[in-house]
Q: 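Here's a structure for you.
Computation of the quantities below employed the complete heavy-atom set of this structure, encompassing side-chain atoms and omitting hydrogens, waters and symmetry-equivalent molecules. Everything numeric in this text was worked out from a predicted model, so none of it was measured.
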Amino acid sequence: MTEGVMPPSRDAVAVPLHIDPRARFEILGAILLAMFLSALDQTIVGTALPRIVSELHGNELYTWVVTVYLLTATVSGPIYGKLSDLFGRRPMIMIGVGLFLIGSALSGLSQEMWQLVAARGLQGLGAGAIFPIALAVIGDLFTPAERGKYQGLFGAVFGVSALIGPALGGLLTDNFSWHWVFFVNLPIGLVAMAIIWRLLPPVKHPESVRSIDYLGSAVFTAAIVPILIGLTNKQKLDWTDPVVGGLILIGTVFLALFVWVESRAQEPIVPLSLFRNRSFTVSVIAVLLASFGFFGAIIFVPRWFQFVLGSSATESGYQMLPLLVGLIGSSVISGQVISRTGRYRWIVIGSMAILAVGLFLMTNLRAETSLPTIWLWMLIAGIGIGPTLAAFTIIVQNAVPFAQLGTATSTLTFFRQVGGTIGLALAGTLFGSALLTETPRQLAREGVPQPIIDRFSAAGSTAGELEVGKDLGGQILAHVPAAFRGQIEPLLPRIVAAIHEAFSIAIANALWIGVGAALLGLVVAAAFLPELPLRQHIGEVADERGAASDRSLSGGPRSAATPGSEPAG
């Protein structure tokens with residue numbers, strides 16, 4: 001007999017939701033609609049963001065419009081997971097969607113950059129409920145062997161929203177105003193709330209919740225915020241500056257304190273005991289690393305289309321389609337393959353390798369790069385990203401005890417968003433630093449005389465402040481002293497070409513963080529990810545049919561008494 005596998009028990013039946021198949025799929029549809037709302041917001045904002053930053057004059061806060069959303073969603077996600085176990089899935093997801101809609105309305109009404117950043121933070125606070133609770137509901141409804149089909153649909157939801165979002169965001173931005181990319185959430189959100197309220201049963205698992213780790217959430221926020229601010233400040237300052245290195249050091253100290261707090265919390269937002277489960281630990285690390293490259297590509301590539309190619313917001317949305325087609329296709333296909341075969345290890349390893357290749361190709365981006373070429377690079381990267389949206393959730397939900405399903409799923413989401421948040425901040429730092437360095441270098445390469453380069457005040461900073469959708473030459477003249485405009489005007493074609501090239505190289509440099517992270521994730525998955533048979537039951541039952549041996553990081557065998565679990569020590 002295989003170690004850790006027990007014979008099946010005849011009375012192995014414990015389905016948490018006793019509902020007919022039709023109602024089950026209606027609930028699935030309602031959850032997918034809620035996820036579509038959150039996913040649409042992330043993709044619709046991407047193509048409008050260059051125009052938003054230009055109009056609100058907030059280039060230095062460019063990444064913060066996304067980063068603050070990810071931060072508040074990240075911190076609140078595990079708390080929502082616990083609250084949904086305690087008070088029920090339905091009320092918590094309703095609260096989350098409600099906060100999301102309030103944040104959407106305030107974002108659309110913003111007149112200054114700080115107002116938009118604050119409103120996006122509120123949006124993220126609501127969005128934090130949607131993804132982890134949606135995944136927990138799927139865990140309530142379906143066995144691990146079935147989940148591949150439906151979590152593949154989750155990837156498809158992100159893909160469909162990614163197809164619709166950029167085009168819709170561009171259409172609204174070009175024909176109305178960027179404010180409508182937030183207002184459009186309101187009718188969709190209200191429909192989602194109505195359907196969820198009518199269909200979703202008030203499922204709860206109060207026996208699994210003893211307390212809620214508010215202290216851990218506060219300490220984690222105190223750790224991440226100074227780190228992100230320090231990385232943002234690095235665009236123009238040295239590592240030794242107190243507002244760069246000093247803030248990062250403070251954040252690191254709080255991270256150490258966070259680990260200490262979590263080790264003593266009764267119900268930590270990041271349960272350290274889960275990390276004794278090798279499948280869980282490897283999945284968390286790989287998901288965190290995969291997010292580094294994904295968020296960088298989604299945020300920075302539309303900016304290249306609009307700034308360098310002169311595309312409208314609508315056009316840049318359509319130009320992102322190859323990335324999204326690859327993501328949708330690979331997410332759905334990988335979910336189906338895992339569900340049919342019960343195998344996932346080589347799918348995960350292959351996806352990380354493909355992601356690394358796609359992002360590496362995109363680091364060759366230059367001003368003269370042809371559209372078919374970058375479309376091919378994006379397609380490859382999308383194929384690599386897609387399986388990470390479905391496979392790792394299946395792996396984690398198959399490897400942990402059913403009582404920890406919501407906690408493990410929300411923790412996985414937590415680290416996915418942590419990876420995106422930190423990765424985006426690092427990418428923004430690389431972009432800003434490269435732009436400062438490359439702008440004078442490219443001006444010199446274009447034959448612009450050195451005295452003009454010297455007089456081109458704060459050349460790199462100026463390049464970063466130029467607005468999309470407006471005459472670049474006129475903006476350049478507006479950024480230099482009037483006395484020098486006569487000397488600069490004949491050189492404008494060369495200066496524009498130099499800035500386009502510097503901008504392209506800066507974006508290419510920003511994507512290197514994703515290449516390194518994907519390669520590291522590949523090594524981790526290849527070396528440490530075990531392959532466990534998918535369980536064929538729902539809930540904590542005596543049936544051990546799917547509980548294959550999975551040794552913990554401490555080397556202990558899986559307990560035969562708890563399907564899908566591993567020993568604490």
Side-chain angles (χ1 to χ4, degrees), residues 32-33 35-49 148-171 181 287 290-306 309 311-339 347-348 350-365 369-393 416 420 507 511 514-515 518:
L32 290 175
L33 183 61
M35 289 195 65
F36 177 76
L37 175 71
S38 176
L40 180 66
D41 180 78
Q42 295 183 42
T43 58
I44 201 173
V45 171
T47 48
L49 193 53
K149 305 173 187 176
Y150 307 114
Q151 285 166 352
L153 291 177
F154 282 13
V157 165
F158 277 92
V160 170
S161 68
L163 286 171
I164 297 173
L168 181 59
L171 182 68
V181 304
V287 159
S291 298
F292 273 48
F294 175 55
F295 283 92
I298 287 293
I299 296 303
F300 282 99
V301 173
R303 202 174 181 190
W304 183 82
F305 286 130
Q306 294 184 38
L309 298 189
S311 301
S312 67
T314 305
E315 290 169 341
S316 72
Y318 287 119
Q319 287 159 347
M320 291 294 292
L321 288 181
L323 176 72
L324 308 173
V325 167
L327 184 152
I328 295 172
S330 61
S331 176
V332 173
I333 291 172
S334 63
Q336 292 291 330
V337 169
I338 292 171
S339 183
I347 291 177
V348 167
S351 70
M352 297 299 284
I354 294 171
L355 174 59
V357 170
L359 291 174
F360 171 74
L361 292 173
M362 292 174 69
T363 62
N364 294 292
L365 184 67
T369 300
S370 67
L371 272 176
T373 300
I374 191 173
W375 284 341
L376 176 62
W377 297 346
M378 291 163 61
L379 176 66
I380 295 171
I383 292 172
I385 292 167
T388 69
L389 298 178
F392 286 115
T393 304
R416 189 192 304 275
I507 289 179
L511 298 176
V515 177

Q: Ignoring hydrogens and geometry, is there a side-chain-to-backbone donor-acceptor pair from S331 to I328 under 3.5 Å?
A: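 Not a single qualifying donor-acceptor pair exists.
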Q: Looking only at non-hydrogen atoms, find the nearest pair between I347 and S334 and report the distance.
A: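 Closest approach of I347 to S334, heavy atoms only: CG2-CB, 3.9 Å.
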Q: Can you list everything that forms a side-chain contact (heavy atoms from CB on, under 4.5 Å) with M362? Sequence neighbours excluded, please.
A: A297, V301, L359, W377, M378, A381, L511
Q: Nearest 0.5 angstrom please: L361 CG to L379 CG, how far?
A: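 It comes to 11.0 Å.
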Q: If you round to the nearest 0.5 Å, how far is CG of L309 from CD of E315?
A: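 Nearest 0.5 Å value for the CD-CG distance: 9.5 Å.
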Q: S311 side chain to F305 main-chain N or O, any donor-acceptor pair under 3.5 Å?
A: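 Looks like yes, one N/O pair under 3.5 Å.
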Q: Not counting sequence neighbours, which residues clear ring-ring contact (aromatic ring centres under 6.0 Å, His included) with F360? List them please.
A: W512
Q: The test is side chain to side chain contact (heavy atoms under 4.5 Å, CB included); show your working for T369 and N364 and say whether it passes.
A: CA-CA 8 Å; T369 300; N364 294 292; over 6 Å; no
Q: Determine the minimum heavy-atom distance between A391 and V348, stating which atoms define it.
A: CB-CG2, 3.9 Å
Q: Closest approach of S330 and G386, non-hydrogen atoms and distance?
A: OG-CA, 3.2 Å
Q: As an exercise, state the distance from CG of L376 to CG of L371, rounded to the nearest 0.5 Å.
A: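 So the gap between those two atoms works out to 12.5 Å.
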Q: Who are the side-chain contact (heavy atoms from CB on, under 4.5 Å) partners of I354, not counting sequence neighbours?
A: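 Result, side-chain contact (heavy atoms from CB on, under 4.5 Å) vs I354: I380, I383.
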